[in-house]
*Asks:* 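Pasting a structure here, questions to come.
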Amino acid sequence: MTKNLTVYQDAVVVGAGHAGCEAALALARLGFKTIIFTVSVDSIAMMPCNPNIGGSSKGHLVREIDALGGEMGKNIDSTYIQSKMLNKSKGPAVHSLRAQADKKAYSNLMRKKLEENKNITVKQGEVTDLIVENGKLKGVKTYTGAVYECRVCVLCTGTYLKARCITGEVSAYTGPNGLMAANHLSDSLENNGIKIRRFKTGTPARIDGNTVDYEKMEPQYGDETVVPFSFTNKPEDIERDQVKCWLTYTNENTHKIIRDNLDRSPLFSGMIKGTGPRYCPSIEDKVVRFSDKDRHQVFIEPEGMYTSEVYIGGMSSSLPEDVQYEMYHTVPGLEHAQIVRNAYAIEYDCIDSLECKPSLELKKIEGLYSAGQANGSSGYEEAAAQGLIAGINAARKLQGKEPIIIDRSQAYIGVLIDDLVTKGTNEPYRMMTSRAEYRLLLRQDNADLRLTPLGYEIGLIDKERYESLLEKQEMIEKEIKRIKETSVGGTEKVQSLLRQYGSTALQSGITLAELVRRPELNYDLLVSIDEARPDLPKDVCEQVNINVKYEGYIDRQWKQVQQFKKLEKKKIPQAFDYTQVNSLRKEAIQKLSDIRPESVGQAARISGVSPADISVLLVYLEKYNVSRETLFF
């Protein structure tokens, strides 16, 4: 008789990508014995697609992860090879930090972080089954038959579930980069009543940088003064020599080759069944959808310091190998490029995100959480953010505490999770600044002020860091008060400075704050006429400038947030029977019953629930004095 291994752990994390690493570290740092499974220990925190962390809106997520006590920001600060703040010509709400990573160094360092934590066990193996009794998770089973009993589990399966990689007419049932797929867990999820979707994403070819003619491309440099992702780092702590990236373009020859071979493209032949990301299309998709464009940007990005591989950003494809060579060779600088790894599309199973609560716990299985591409999102940063929250909430369940729910007015993380669990997604979800309605408040520069107190409350931020934040906050408030109360007159020194920056001369006294609000001026430019200005850290000066310059807009958004909070505070019991509410439309009853919103605010964001439905629901809740206590049954 065969005897299988049985092991007990507090927590199991399935998958060691960006979501899995953050989930495991959160659980372990909060004191729980955690085992993290991966199909290959060499793929921990692997970057199977673009070699960078951050970018528009994604940089916000990374800084929020750091503010809460996560690891991604620290890891990229230690392993970046180029760093750049995007959108600097625009307002601070859309400034976003982006860093090219040394892929191998990033992965190795994250693996080291896992392995050096005494509460984490790293295990190579495939989880195939969930052990569920009476709607509660009891453990997981692996392909070898071993049973790992646990109280909580976080699924961070990435793009591995029944994965299929496709290049032209050729497909292989593997995960990204040729790694083993996870072919069994989807069935276990479906057998437990979890709805599964089929999504698709893709990646461009990697080419040998020694075969690239960089003279035909435009160099792209990093910033001279680097802004760290982690609030625990100072610029001087992480400064290093940076590599160059390069910009080139497709042309009509490229587009003709693509159009001539669309019948061989899996995207258009029907070979690919999964739904792809609308906001990160393949080059063949771009050529078809944007037929009026005569060229598209192509970024050539090094994959690391100790490899000649470079990434062809902007030319993701699933065209056949021979077409890939022909297509890439039409791009200036790539005429003789040799492909190291073919471009490919990948199809995979994921959970319908509407199966999740705002805590990322699955509604149908207590103790089971999911995060990242397992929930239908895309991107390393979106995955890490969800992994951190899922790990925190799994730990809080073990602690017997209420879950942490970050709402849309608190963080991009809140927007991301709320969109997934309230609206769902019919394609791989990508975070964008336009999704955040309170983005002037949710800037990447103030993520620590918004979220570090919460990280301290959770237990992932130490006392020293928290007290340092309180000191920073006090300095900001004190300095804003000072410049609002400090006036300057029309002295020659003041008038000279105003002339220098094309600002209107003074006819009478004015406060420094009023000068800061002038479009052509800012807090730092006034240093020569501000004799009492204290010597403050750069990040404090930045906050003073933004908060004073945009005070009117910020106040307006705070008022909007207050209205938003009113509906968020009107809680709806999870067992509430919507059929008892007269005048609710049938579609609204169905959607509300399926999604089970936790508040009236969340209910109002559900597709198919109208403002009239919300009005009816509010009247009912108030008329019958419905409370969380009275309607649990």
*Asks:* Can you see which heavy atom on Asn375 is nearest to which on Cys356, and at what distance?
*Replies:* OD1-SG, 3.6 Å
*Asks:* Listed by chain and number, what are the side chain to side chain donor-acceptor pair (under 3.5 Å) partners of Lys103, not counting sequence neighbours?
*Replies:* Glu303
*Asks:* Is the number of heavy atoms from other residues, nucleotides or ligands under 6.0 Å of Glu236 CD greater than 12?
*Replies:* yes
*Asks:* Determine whether the side chains of Asn233 and Asp77 contain a donor N or O and an acceptor N or O closer than 3.5 Å.
*Replies:* yes
*Asks:* To the nearest 0.5 Å, what is the distance between CG on Leu25 and CG on Asn117?
*Replies:* 6.5 Å
*Asks:* Is Arg98 close enough and on-axis enough to Phe229, meaning under 6.0 Å and within 45°, for cation-pi?
*Replies:* no
*Asks:* Sequence neighbours left out, what passes salt bridge (charged side-chain N to carboxylate O under 4.0 Å, His left out) with Lys397? Give chain and number order.
*Replies:* Glu361, Glu366
*Asks:* Is there a donor-acceptor contact under 3.5 Å linking the side chains of Asp418 and Thr422?
*Replies:* yes
*Asks:* Charged N to carboxylate O below 4.0 Å: is that the case for Lys565 and Asp407?
*Replies:* yes
*Asks:* Just wondering, more than 12 heavy atoms not from Asp555 lying within 6.0 Å of its CG?
*Replies:* yes
*Asks:* Any Lys/Arg nitrogen of Asp448 or Arg63 sitting under 4.0 Å from an Asp/Glu carboxylate oxygen of the other?
*Replies:* no
*Asks:* Compare all side-chain heavy atoms of Tyr311 with those of Arg206 and state whether any distance is below 4.5 angstrom.
*Replies:* yes
*Asks:* Would you mind checking if Lys58 and Glu382 are paired as a salt bridge, meaning a charged N to carboxylate O distance below 4.0 Å?
*Replies:* yes
*Asks:* For Thr79, give me all partners under side chain to side chain donor-acceptor pair (under 3.5 Å), at least two apart in sequence or on another chain.
*Replies:* none
*Asks:* Test your reading of the model: is there a side-chain donor-acceptor pair from Gln473 to the backbone of Leu469, 3.5 Å cut-off?
*Replies:* no
*Asks:* State whether Lys244 and Glu218 are salt-bridged, where the test is any N-O pair (Lys NZ or Arg NE/NH1/NH2 against Asp/Glu carboxylate O) under 4.0 Å.
*Replies:* no
*Asks:* Using the salt bridge (charged side-chain N to carboxylate O under 4.0 Å, His left out) criterion, which residues pair with Glu474? Sequence neighbours excluded.
*Replies:* none
*Asks:* Verify side-chain contact (heavy atoms from CB on, under 4.5 Å) between Gln410 and Leu442, making sure each step is shown before the conclusion.
*Replies:* CA-CA 7 Å; Gln410 292 176 284; Leu442 309 183; 5.5 Å; no
*Asks:* Hey, is Lys481 close enough to Glu477 for a salt bridge, meaning N to O under 4.0 Å?
*Replies:* no
*Asks:* Glu542: what forms a salt bridge (charged side-chain N to carboxylate O under 4.0 Å, His left out) with it, not counting sequence neighbours?
*Replies:* none
*Asks:* Return the CG to OH distance between Leu515 and Tyr523, rounded to the nearest 0.5 Å.
*Replies:* 13.0 Å
*Asks:* Please report the closest heavy-atom contact between Leu451 and Leu68, naming both atoms and the distance.
*Replies:* O-CD2, 3.7 Å
*Asks:* Please confirm whether the ring centroid of Tyr438 lies under 6.0 Å from the ring centroid of Phe564.
*Replies:* yes
*Asks:* Give every residue pair that meets the ring pair (Phe, Tyr, Trp, His ring centres under 6.0 Å) criterion with at least one member in residues 47-66, sequence neighbours excluded.
*Replies:* His60-Tyr412
*Asks:* If only atom types and distance count, is the side chain of Glu301 paired as donor or acceptor with the main-chain N or O of Cys245 below 3.5 Å?
*Replies:* no
*Asks:* With a 4.0 Å cut-off on N to O distance, would you call Arg482 and Glu479 a salt bridge?
*Replies:* yes
*Asks:* Are Arg465 and Tyr456 in a cation-pi contact, defined as NZ or CZ under 6.0 Å from the six-membered ring centre and within 45° of the axis?
*Replies:* no
*Asks:* Within a strict 4.5 Å, meaning less than it, do heavy atoms of the Val561 and Leu441 side chains meet?
*Replies:* yes
*Asks:* Counting heavy atoms not belonging to Glu116, are there more than 12 under 6.0 Å from its CD?
*Replies:* yes
